[in-house]
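Taking it in order: structure first as structure tokens, then the write-up.
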Protein chains: 2
Amino acid sequence: MVIDINLSNLAGPKLPNPPSIPQPSLARLPQYHHYLVDLEARGITRISCSQIGGDLGYIPVQVRKDLQYTGIIGKPKTGYSVPELIRSIETFLGWNNINEAFLVGAGNLGTALLGHERFSKFGLRIVAAFDTDPEKIGLWIHEKAVLSLDQLSDLAQRMSVHLGIITTPAEAAQAVADEMVKGGIQAIWNFAPVKLRVPENIIVHNEDLYSTLASLSWKLARRFNVPIQEKEAV
Amino acid sequence: MVIDINLSNLAGPKLPNPPSIPQPSLARLPQYHHYLVDLEARGITRISCSQIGGDLGYIPVQVRKDLQYTGIIGKPKTGYSVPELIRSIETFLGWNNINEAFLVGAGNLGTALLGHERFSKFGLRIVAAFDTDPEKIGLWIHEKAVLSLDQLSDLAQRMSVHLGIITTPAEAAQAVADEMVKGGIQAIWNFAPVKLRVPENIIVHNEDLYSTLASLSWKLARRFNVPIQEKEAV
DNA sequence: TTAGACTCGCTATATGGTTATCGATATAAA
DNA sequence: TTTATATCGATAACCATATAGCGAGTCTAA
Ligand SMILES: NC(=O)c1ccc[n+]([C@@H]2O[C@H](COP(=O)([O-])OP(=O)(O)OC[C@H]3O[C@@H](n4cnc5c(N)ncnc54)[C@H](O)[C@@H]3O)[C@@H](O)[C@H]2O)c1
Ligand SMILES: NC(=O)c1ccc[n+]([C@@H]2O[C@H](COP(=O)([O-])OP(=O)(O)OC[C@H]3O[C@@H](n4cnc5c(N)ncnc54)[C@H](O)[C@@H]3O)[C@@H](O)[C@H]2O)c1
């Protein structure tokens, strides 16, 4: 994996309802999706697991298992229908229904996310940003209004927004999460490198860039600096 | 749970040298690091696995195993020395030696990364950006020069830069990766949602935001729209 | 000084995801 | 029409990681 860091249960203690699909499989589905959309654009209508696996670097069995979770059924010899498979993944992931989201922390990273039009293709629409910096409140960033954090919980309730994105400094993240929970937000996408304390039923996913960085620098260090460690390594 | 997605073997086929630390453990180390730095700032000098686990949502055994990979040794009853533990993690991850990096794709996301000062605390210094857009070449973004992509491989060799960051659109990512490999870059941090084809010995980590998004929307969909699926779920 | 409790470190087991194997089926070519 | 081949779907073996259990050491407090 790139090492997936997947981590997979990086998030925390056990879930009440274990998911019916392995987390790593879930994480691979978007990759297949990107690949398939590209195929479709090139006019290819049918595809086999062996082909997908060959192109993406997985063994065919794994691809087949992953795809089976979406409920698709293929035909022997010919494989799957590309458009059907794309629809199957999208439906399975809930990318047909748009999730509206609030983003908090209109800084470097927040601005980048606000400007990412393509999210709407994947079921995500960021409808507003929030901040505490008076300089930022009132601005429009990538056609989205930056509002005061005070308004968040009230607006989230009134607009039935269920998804929150946190791109504030680490110190502020917990307070922001509390505010989101107060507003009835169900799921949080957290870019700050802290473990959030939220009620059991709230879904939290951390996007920890430092985890990836750690893997990279560990491997680079191992490769360059330290043939000494080589022998220590198991 | 958060569920980390990192998946960890999201990246691809097997590595030649299996790492001496499980990928999930590697991904958790930065979390401990953040937590410990916070503790140190608050003047706490000793810490136990139970305490760490309680605060971060892991069971003590797992914390202990993870930390053991860094080579730290604790004392019964008192636990670990906080500053010693921080140093141990930093050394293990190679965060003491700075890795210089080139970033390609000075767009939304690239700009955010270029502006992130704190990376230098974690062994990463982005020294220059590259782009193909004539409007961008020649600009300075967050005190870093934006150069033409043509110069990349030559400069990478001359400056001995070993790490490359890709924040271009998906279509351009493969060509950029090829250019990086040509320049002798050893490790690539890829934010574009594509599988890169690179020689065996190149380290690639994908930061696939869509994977996280997929998990979130799958869970939200499961929660809201479809009690029907509830019974299908295993 | 001594009893007690807490925590580390090691070894063993359990869980879950990945990989291999096998039979069935549809397509294509003979 | 028949035969060969590729692929799917399901089951089973395998492996990595997470969890549990146990013994040993050290600090605290009586
Ligand atoms: N930018 C990156 O490349 C990058 C990389 C890795 C991790 N991160 C993480 O992402 C987060 C954001 O990073 P950034 O570079 O965008 O930071 P930033 O400083 O550019 O932006 C943070 C924003 O949050 C706002 N903010 C501060 N306190 C707030 C509060 N209590 N409520 C609401 N808003 C508040 C600030 O006004 C600012 O607009 C950080 O936690 C950082 O560790 C960023
Ligand atoms: N911005 C986000 O929030 C976000 C979220 C998820 C994924 N991503 C991914 O990150 C990548 C970058 O996203 P973005 O929003 O920053 O895009 P962007 O369009 O803002 O920036 C892309 C930059 O790459 C440059 N570029 C294009 N072709 C190039 C080439 N061949 N060589 C060098 N540079 C080239 C462009 O000139 C532009 O400056 C995309 O692959 C996107 O899918 C971004």
_Distance, rounded to the nearest Å, where A:Leu29 contributes CG and C:dG17 contributes P_ = 14 Å

*Nearest of D:dT19, D:dC8, C:dC6 to any side-chain atom of B:Lys77?*
C:dC6

*Side chain of B:Pro76: nearest nucleotide among D:dA20, C:dT7, C:dG9?*
C:dT7

*Does the side chain of A:Tyr69 get closer than 4.0 angstrom to OP1 or OP2 of C:dG17 through an N or O atom?*
no

*Salt bridge flag under 4.0 Å for residues B:Lys182 and B:Asp178*: no

*asked:* I'd like to know if the side chain of B:Thr70 reaches the main chain of B:Ser88, judged simply by a donor and an acceptor atom lying under 3.5 Å from each other, with no hydrogens or angles considered.
replied: no

_Among A:Thr168, A:Ile166, A:Ile165, which residue satisfies the side chain to side chain contact (heavy atoms under 4.5 Å, CB included) criterion with A:Leu103?_
A:Ile165

*Counting heavy atoms from C-beta on, name the nucleotide in C:dG9, D:dA18, C:dT18 closest to the side chain of B:Pro24.*
D:dA18

*Starting from P on C:dC8, measure out to CG on B:Asp66 and report it in whole angstrom.*
13 Å

_Between P of D:dT5 and CD of A:Gln51, the distance in whole Å_ = 20 Å

*Selected nucleotide, minimal atom distance to B:Thr78 side chain, candidates C:dC8, D:dC27, C:dT27*: D:dC27

_Minimum-distance nucleotide (side-chain atoms of B:Lys65 versus D:dT19, C:dT19, C:dT27)_ = D:dT19

*Going by atom types only, do B:Glu100 and B:His162 share a side-chain donor-acceptor pair under 3.5 Å?*
no

*Nearest listed nucleotide, side chain of B:Pro22, among D:dA10, D:dC27, D:dT17*: D:dT17

*Quick one: which of C:dT7, C:dA20, D:dA18 gets closest to the side chain of B:Ser50?*
C:dT7

_Under 4.0 Å from OP1 or OP2 of C:dG9: is there any side-chain N or O of B:Arg64 that close?_
no

*May I have the distance from A:Gln62 (atom CD) to C:dG16 (atom P), rounded to whole angstrom?*
18 Å

*Is it true that the side chains of A:Ser217 and B:Asn99 contain a donor and an acceptor less than 3.5 Å apart?*
no

*Nucleotide C:dT25, atom P - distance to CD1 of A:Ile73 in whole Å*: 14 Å

*asked:* Check this one for me: any side-chain N or O of A:Lys75 less than 4.0 Å away from OP1 or OP2 of C:dT27?
replied: yes

*What is the distance, rounded to the nearest whole Å, between atom CD of B:Gln68 and atom P of D:dT17?*
16 Å

*asked:* Please tell me if A:Tyr80 has a side-chain N or O lying less than 4.0 Å from either OP1 or OP2 of C:dA26.
replied: no

*Which nucleotide in C:dG9, C:dC8, D:dT19 has an atom nearest any side-chain atom of B:Val61*: D:dT19

*Send over the distance from A:Ile21 CD1 to C:dG17 P, rounded to a whole Å.*
10 Å

_Nearest whole Å is fine: how far is D:dA6 C1' from A:Arg46 CZ?_
13 Å

